[in-house]
Amino acid sequence: MRIEARQWPLRAPFLISGYRFTAVDVLTVTLDDRRAVGRGEAAGVYYHHETPSSMARQLDASRDVIEAGANRFEVQQMLPAGGARNALDCALWELESRRSGKPVHELAGIGKSQPLRTTFTIGAGDPAHMAVEARGWKDATAIKLKLTGSEEDAERVRAVRAARPDVWLMVDANQGFTPDTLHALMPALVAARVQLIEQPFPIDRDAWMGTLQSPIRVAADESFQDRHDFDRIAGRFDMVNIKLDKCGGLTEALAIADEARRRGLGLMTGNMGGTSLAMAPALVVAQLCDVADLDGPVQLADDLSPSVRYENGNVCCPDDVWGASLSA
């Protein structure tokens, strides 16, 4: 097992509620059994204070067991949900693909990956600047706006909708709203034809969701990490946002998708940032989801090559990026 940390600068600073990002720090895990190689990448969960160093320490602590041949299911028990397990789990998926001669989507029981519409994310900022950025995503057919819970949010939404009357639109509060601020903003969201609100309230205020009568669907992000959270959010959200860094890899993500469908919940696939190596496995589970938010690489100043492709508002993963068998 090889572990490597790397920083990928963003093409521009990115602002969400309570945070400002200028780069994405990732950890890459490579597993080499002398016959095949598997790779996985994780940025970790920033609000859980995960870093490449902390994730590397988790993996190093289990190095002997991993290098002795631990499989994906043993890893689920060995490591907690989070970035370290995600990077390792995805590396194991690709290694299994290379060994078996079957692409990951086939191993996962999913049809060949198809291009999916993805949202393109605009960080919170001056409304006029956000409108300029929205016009700059000329190929986008779906846009996600980061909001902060301030009075400026309504103007942000109106400015982007005026700039792009054609796109499917969602907003993400990153826990930044209160019931009062969301109630005040709701008329502007409805008028702008917003289709989805992501994580409006802080995770320790999920009870506020019980008083919310929203004409717009609401998705759980920070409030939903993995399958253990289904009962806690029951009856409060319409959708759950699956992120491989949160739940600890593709193995858990696929299990979440199955359980969410059984419970009648909608599904979204998101990301914590990263290169095409992080987006590719997310695109596997995204085939089962209603909304894909997988624009991480377009926020970077540079990306790995080969890379996932963004065309006509869609994202797709060529076979040579990740997860295809050597014989595919």
Side-chain angles (χ1 to χ4, degrees), residues 29 31 33 35-42 66 69-79 81-83 85-118 219 224-230 239-271 274 276-294 296 306 308-309 314-328:
V29 171
L31 300 176
D33 69 355
R35 293 183 295 127
V37 173
R39 302 158 298 144
E41 177 187 293
I66 294 167
N71 61 38
R72 289 188 287 108
F73 305 102
E74 291 167 334
V75 165
Q76 293 292 104
Q77 305 302 317
M78 187 169 56
L79 291 170
R85 194 176 79 191
N86 174 33
L88 178 58
D89 181 72
C90 290
L92 285 166
W93 273 100
E94 188 174 52
L95 186 64
E96 185 177 345
S97 169
R98 302 297 193 189
R99 287 170 167 170
S100 67
K102 298 179 180 180
V104 166
H105 66 81
E106 185 175 335
L107 293 173
I110 296 173
K112 186 172 175 60
S113 180
Q114 301 297 319
L116 297 174
R117 181 182 72 178
T118 183
F224 183 87
Q225 302 291 306
D226 61 19
R227 280 177 292 172
H228 295 96
D229 291 324
F230 271 117
M239 301 180 70
V240 294
N241 187 350
I242 301 172
K243 292 180 178 176
L244 271 60
D245 273 317
K246 289 191 307 180
C247 72
L250 180 58
T251 301
E252 174 69 10
L254 293 168
I256 289 171
D258 286 344
E259 179 67 9
R261 290 304 189 200
R262 189 183 70 79
R263 292 173 178 251
L265 288 167
L267 284 169
M268 173 180 176
T269 307
N271 71 98
S276 288
L277 184 57
M279 299 308 114
L283 270 165
V284 175
V285 71
Q287 302 296 317
L288 305 174
C289 295
D290 308 294
V291 177
D293 174 30
L294 297 176
V308 296
R309 295 176 184 166
N314 294 329
V315 58
C316 66
C317 184
D319 287 341
D320 58 353
V321 175
W322 178 89
S325 67
L326 293 171
S327 59

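Because only heavy atoms are used, hydrogens play no part in the values below, and waters and symmetry mates are left out as well, while side chains stay in.
- Residues Trp322 and Leu283 have side chains not in contact (no heavy-atom distance under 4.5 Å, counting atoms from C-beta outward).
- A salt bridge is defined here as a Lys NZ or Arg NE, NH1 or NH2 lying under 4.0 Å from an Asp or Glu carboxylate O, and Lys243 with Asp245 fails to meet this definition.
- Leu88 is listed as a side-chain neighbour of Leu31, based on a closest heavy-atom distance under 4.5 Å.
- The distance from the CZ atom of Arg227 to the CD atom of Glu252 is 4.0 Å, given to the nearest 0.5 Å.
- For Arg309, there are no salt bridge (charged side-chain N to carboxylate O under 4.0 Å, His left out) partners, not counting sequence neighbours.
- Partners of Arg72 according to the side chain to side chain donor-acceptor pair (under 3.5 Å) rule, which considers only residues two or more places apart in sequence or in another chain, are Glu96, Thr251.
- Here the shortest heavy-atom pairing between Pro281 and Leu250 reads O-CD1, 3.7 Å.
- A donor-acceptor distance shorter than 3.5 angstrom exists from the side chain of Glu94 to the backbone of Gly323, with no hydrogens or angles considered.
- Closest heavy-atom contact between Leu288 and Ala257: CD1-CB, 4.0 Å.
- Contacts of Glu259 classified as salt bridge (charged side-chain N to carboxylate O under 4.0 Å, His left out), with partners at least two apart in sequence or in another chain: Arg262, Arg263.
- With sequence neighbours left out, Glu106 forms a side chain to side chain donor-acceptor pair (under 3.5 Å) with no residue at all.
- A distance of 10.0 Å separates CD of Gln225 from CG of Asn241, quoted to the nearest 0.5 Å.
- Remark: Gln114 engages no residue in a side chain to side chain donor-acceptor pair (under 3.5 Å) (not counting sequence neighbours).
- Taking every heavy atom of both residues into account, Leu107 and Ser100 meet most closely at CD2-OG, 3.9 Å.
- Looking at residues two or more places apart in sequence or on another chain, you find a side chain to side chain contact (heavy atoms under 4.5 Å, CB included) between Ala81 and Arg85, Asp226.
- In terms of heavy-atom proximity, Pro115 sits nearest to Asn314 at CB-CB, 4.2 Å.
- Between the side chain of Gln287 and the backbone N or O of Ser113, no donor-acceptor pair lies under 3.5 Å.
- Here the closest non-hydrogen pair linking Asn86 and Gly249 is OD1-CA, 3.4 Å.
- Between Val285 and the choices Leu244, Ile256, Ile110, the side chain to side chain contact (heavy atoms under 4.5 Å, CB included) rule is met once, by Leu244.
- When all heavy atoms of Ala42 and Gly83 are compared, the closest pair comes out as CB-O, 3.1 Å.
- Contacts of Asn271 classified as side chain to side chain contact (heavy atoms under 4.5 Å, CB included), with partners at least two apart in sequence or in another chain: Met279, Leu294, Asp295.
- Applying the side chain to side chain contact (heavy atoms under 4.5 Å, CB included) rule to Arg261 yields the partners Leu267, Asp290; only residues at least two apart in sequence or on another chain are considered.
- Every residue meeting the side chain to side chain contact (heavy atoms under 4.5 Å, CB included) condition with Ala278, not counting sequence neighbours, appears here in chain and number order: Glu41.
- A salt bridge links Asp319 and Lys112; the closest N-O separation between the charged side-chain nitrogens and carboxylate oxygens is under 4.0 Å.
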task = May I have the step-by-step check of side-chain contact (heavy atoms from CB on, under 4.5 Å) for Leu92 and Asn71, ending in yes or no?
result = CA-CA 7 Å; Leu92 285 166; Asn71 61 38; 5.9 Å; no
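- Applying the salt bridge (charged side-chain N to carboxylate O under 4.0 Å, His left out) test to Asp293 and every residue at least two apart in sequence or in another chain returns Lys144.
- When the side chain to side chain donor-acceptor pair (under 3.5 Å) test is applied to Thr269, no partner is found at least two apart in sequence or on another chain.
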